[in-house]
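Before any comments, here is the structure.
We number each residue from 1, following the sequence as shown.
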Amino acid sequence: MNESSSRRLELVPGGVQLGTGPWQRPTSPSWVLVLPQTVGLCSSDLKEVRRSRDVRSDFGHEMVGLVHSSSMDDFPPGLRVCLDPHVPVTRTTAFSETTLLEGSPDQLRAALPTVLDGTPDDRAAFTEPLACAVNCAGKVPAGSDVAIVGSGTAGVLLAVLLRLKGCQVTLVNRSPERLTALSSTALLREVPKVLTSEVGTRTFSTVVVTTASLDDTTFDGAWRLLSRTGGRLVLFGGIRPDWRVPGTHVLLDGIRRGEDVRELELGGRRALVVGTHGATGADFAAAGAVLAAPLPWTAGHIEELIVGRVTLPGLAALLNDAVRTGVDPIGKHMVDIGLNQ
């Protein structure tokens, strides 16, 4: 990369392509130009590549980067920042050697939280998904007996936070390979893990659904995990806008996005359905504090979840392969973009 052109991933029909173009030039009076260093690959990025995401575009958002230049004194060169994609600014993808953000000064301050000193880039790249998990954890009563359905990044981060909150956590997942891999990590070695097919009749006071998408089978399995009365079903994963609870007219995506609470009675069970969506500035601050502090049960930290690393050309190949095969990469992958990559 030089200061006249940079490489970036571009969404194209059927996948992505790696292109090279001139540095973006701001058209607004308030702007920040960031050099991404490390960016996490999120399941929503894969949905965008497949054109199966129903909401705003966040392609390339789990970023840790260094400020290159800015119109604002708040962002001196070299300042390390992450990205809150929920703030309405105009920006380019972080799957790029340069990322330009434009908006009002207040919007830019909110969109680019500062990374706390001492937090490694690999750990700081989890700030955005952890902030969303912080928001979700706030919907779970302290000390609850909780089943987390789905053990992708969202479910695992939530498990860490709920352990810190004093909850008894059990991970429920359909893949034995995924649960075996998590059992080898110090981060989650002590957390009970159960295959979906082997749950039996056990029930929980709170069930959190963290899967990337919700279908009839996943919902039915999660609902059956709830206590007969007084339970709480928390919606944290993806849901199609038109998906209805089987046998009803209840649209769960509206509850999730609106962070609403609704009582539902179905199949002899009555429970609260609780929505959680996105993250606030306070959630980002709380996530940053968690990432900057040691965990009480292990000398490691959340970066233990990283299973693979790619550069921008490698990311293009990885995403195009996922589109071609229909199979998502397993585990957390980091994209190394810094100047020395």
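The two residues Gly40 and Asp45 make their nearest non-hydrogen contact at O-OD2, 3.9 Å. Closest heavy-atom contact between Leu233 and Ala222: CD1-CB, 4.1 Å. Residues Val169 and Val191 share a closest heavy-atom pair of O-CG1, 3.6 Å. Between Phe126 and Leu291, the closest heavy-atom pair is C-CD1, 4.3 Å. Contact detail for Leu116 and Ala292: the closest heavy-atom pair is CD1-CB, 3.8 Å. The nearest pair of heavy atoms linking Lys47 to Gly238 is NZ-CA, 4.2 Å.
Atom CZ of Arg91 sits about 11.0 Å away from atom CG of Leu100, to the nearest 0.5 Å. With values rounded to the nearest 0.5 angstrom, Phe219 atom CZ is found 11.5 Å from Asp215 atom CG. Rounding to the nearest 0.5 Å places CG of Leu187 at 6.5 Å from CD1 of Ile302. How far SG of Cys132 is from CG of Leu158: 11.5 Å, rounded to the nearest 0.5 Å. In this structure, CE in Met334 is found 7.0 Å from CD in Glu62, a value given to the nearest 0.5 Å. To the nearest 0.5 Å, atoms OG (Ser227) and CZ (Arg270) are separated by 12.0 Å.
One hydrophobic cluster holds both Leu112 and Val67 under the rule that ILVMFWY side chains link at heavy-atom gaps under 4.5 Å. Residues Leu214 and Val208 do not share a hydrophobic cluster, defined by chaining ILVMFWY side chains whose heavy atoms lie under 4.5 Å apart. Clustering ILVMFWY residues whenever any of their side-chain heavy atoms sit less than 4.5 angstrom apart, transitively, puts Ile148 in a cluster other than the one holding Ile239. Leu226 and Val245 fall within a single hydrophobic cluster, where Ile, Leu, Val, Met, Phe, Trp and Tyr side chains are chained together by heavy-atom contacts under 4.5 Å. Residues Val146 and Leu161 are members of one and the same hydrophobic cluster, defined by side-chain heavy-atom contacts under 4.5 angstrom among Ile, Leu, Val, Met, Phe, Trp and Tyr.
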Under the criterion side-chain contact (heavy atoms from CB on, under 4.5 Å), I'd like the reasoning laid out for Leu295 against Leu164: C-alpha separation, chi angles, the key distance, then a yes or no. CA-CA 8 Å; Leu295 295 172; Leu164 292 171; 4.3 Å; yes
Could you go through the side-chain contact (heavy atoms from CB on, under 4.5 Å) check for Leu11 and Glu48 one step at a time? CA-CA 8 Å; Leu11 294 169; Glu48 292 199 41; 4.2 Å; yes
List the steps and the verdict of side-chain contact (heavy atoms from CB on, under 4.5 Å) for Arg8 and Gln24. CA-CA 11 Å; Arg8 65 181 67 93; Gln24 303 94 338; 3.4 Å; yes
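Heavy-atom neighbours of Arg174 CZ from other residues, nucleotides or ligands within 6.0 Å: at or below the threshold of 12. The number of heavy atoms from other shown groups lying within 6.0 Å of CZ (Arg80) is above 12. Crowding of Arg309 atom CZ: a count of heavy atoms from other residues, nucleotides or ligands under 6.0 Å exceeding 12. When the shell of 6.0 Å around CD1 of Ile330 is examined, it contains 12 or fewer heavy atoms from other residues, nucleotides or ligands.
Side-chain contact annotation: Thr217 with Asp220, donor-acceptor N/O pair under 3.5 Å absent. Thr218 and Thr211 share no side-chain donor-acceptor pair at under 3.5 Å.
A distance-only check finds no donor-acceptor pair linking the side chain of Glu265 to the backbone of Glu263 [under 3.5 Å]. Between the side chain of Glu97 and the backbone N or O of Arg7, at least one donor-acceptor pair lies under 3.5 Å.
Side-chain contact between Asp328 and Ser43 is absent, with no heavy atoms from C-beta onward closer than 4.5 Å.
With sequence neighbours excluded, the residues forming a side-chain contact (heavy atoms from CB on, under 4.5 Å) with Arg244 are His249, Leu251, listed by chain and number.
Screening Leu182, Val149, Val194 against Leu171 for a side chain to side chain contact (heavy atoms under 4.5 Å, CB included) leaves a single residue, Leu182. Under the side chain to side chain contact (heavy atoms under 4.5 Å, CB included) test applied with Thr38, the options Val335, Ile306, Asp121 reduce to a single match, Asp121.
Using a 4.0 Å cut-off between a side-chain N of Lys or Arg and a carboxylate O of Asp or Glu, Glu304 and Arg189 do not qualify as a salt bridge. For Asp145 and Arg202, the salt-bridge test passes: some basic side-chain N is under 4.0 Å from an acidic carboxylate O.
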